[in-house]
Amino acid sequence: MPNLENLKKQAKQYLRWHSERYYPVAAEIRAALPRFRHLDDSQVLEARFKLSDAQDLIARQMGFEGWQALKTGAAAMTDPKKQPAPQAILSSLSAQLFVTEIKASCEFFTGKLGFRVDFVYGDPPFYGQVIRDNAQLALRLVCEPVFVGDIRQREHLLSASITVGTSDEIKRLFLDFQAAGVSFHQPLRKEPWGARNFIVLDPDGNLILFAGPGG
């Protein structure tokens, strides 16, 4: 087992991340501590989070019931051979887009596609997230090319897929984006399998599919 002093330092790091509203830590807190289990990222970071919570998080990640159990070397909470672990429930999905400038990307998604900025992190920012209704797009800063040439456009490699519920909504969405001056990799069309969709091309070359029923 790692040195106890190192574990204490890790716990303090989690506490600092929470106070700084470092979004990636919210998922770890939610997964490890039951009282945060039904909160979304924003609610986790707004909730009270003490050093003892951070210590329990460390302990549970290592298979112990809590910090005191970890310190005394107690056995894991349950024996997996005797009691099957509950099935994991996937609570959300967020596609990740690679962008060359977080600020410019946020302006595109808010100004052109009707999203709002959920958060940005770093100074200067290197990570962020935009949301619209139930759609979430994470934005990750990259300073070097990730893809070779125009392979995404040539091979139609999607970065994200977003759906709406009705044929009227997909038509309305396309017209709204068209009026906003959005660039399209593919205009609105009806596919052989019945769906209507179109593909937006963002300033960084990411292809984002919007789809709905054919109607």
With side chain to side chain donor-acceptor pair (under 3.5 Å) as the test, pick out the partner of D53 among R48, H18, R35.
R35
Can you confirm whether more than 12 heavy atoms, excluding those of N134, are under 6.0 Å from its CG atom?
no
Which atoms form the tightest heavy-atom contact between F210 and L173, and what is the distance?
CD2-CD2, 3.5 Å
Check the pair E5 / K9 against salt bridge (charged side-chain N to carboxylate O under 4.0 Å, His left out), numbers first and verdict last.
CA-CA 6 Å; E5 290 304 314; K9 292 178 182 178; over 6 Å; no
Tell me whether L33 shares a hydrophobic cluster with M62, the cluster being built from Ile, Leu, Val, Met, Phe, Trp, Tyr side chains joined at under 4.5 Å.
yes
Nearest non-hydrogen partners of S42 and D118, listed with the distance:
OG-OD1, 3.9 Å
Non-hydrogen atoms of L201 and Q153 that approach each other most closely
CD1-NE2, 3.4 Å
For R152 and S159, the nearest pair of non-hydrogen atoms, with its separation, is NH1-OG, 4.4 Å
Does H185 have any side chain to side chain donor-acceptor pair (under 3.5 Å) partners at least two apart in sequence or in another chain, and if so, which?
H156
I need the minimum non-hydrogen distance between A32 and P34, along with the two atoms involved.
O-CD, 3.6 Å
Check step by step if side-chain contact (heavy atoms from CB on, under 4.5 Å) holds for N197 and R189.
CA-CA 6 Å; N197 57 38; R189 73 184 187 192; 4.3 Å; yes
Just to verify, what does P125 make a side-chain contact (heavy atoms from CB on, under 4.5 Å) with, not counting sequence neighbours?
I102, V120
Non-hydrogen atoms of L97 and A160 that approach each other most closely:
CD2-CB, 4.4 Å
Determine the interplanar angle of the F177 and F198 rings, folded into 0 to 90°, and report it as parallel if under 30°, tilted if 30 to 60°, perpendicular if over 60°.
perpendicular
How are the rings of Y121 and F126 set to each other: parallel, tilted or perpendicular (split at 30° and 60°)?
perpendicular
Might you work through the side-chain contact (heavy atoms from CB on, under 4.5 Å) test for L139 and F109, ending with a clear yes or no?
CA-CA 11 Å; L139 309 174; F109 282 100; 4.1 Å; yes
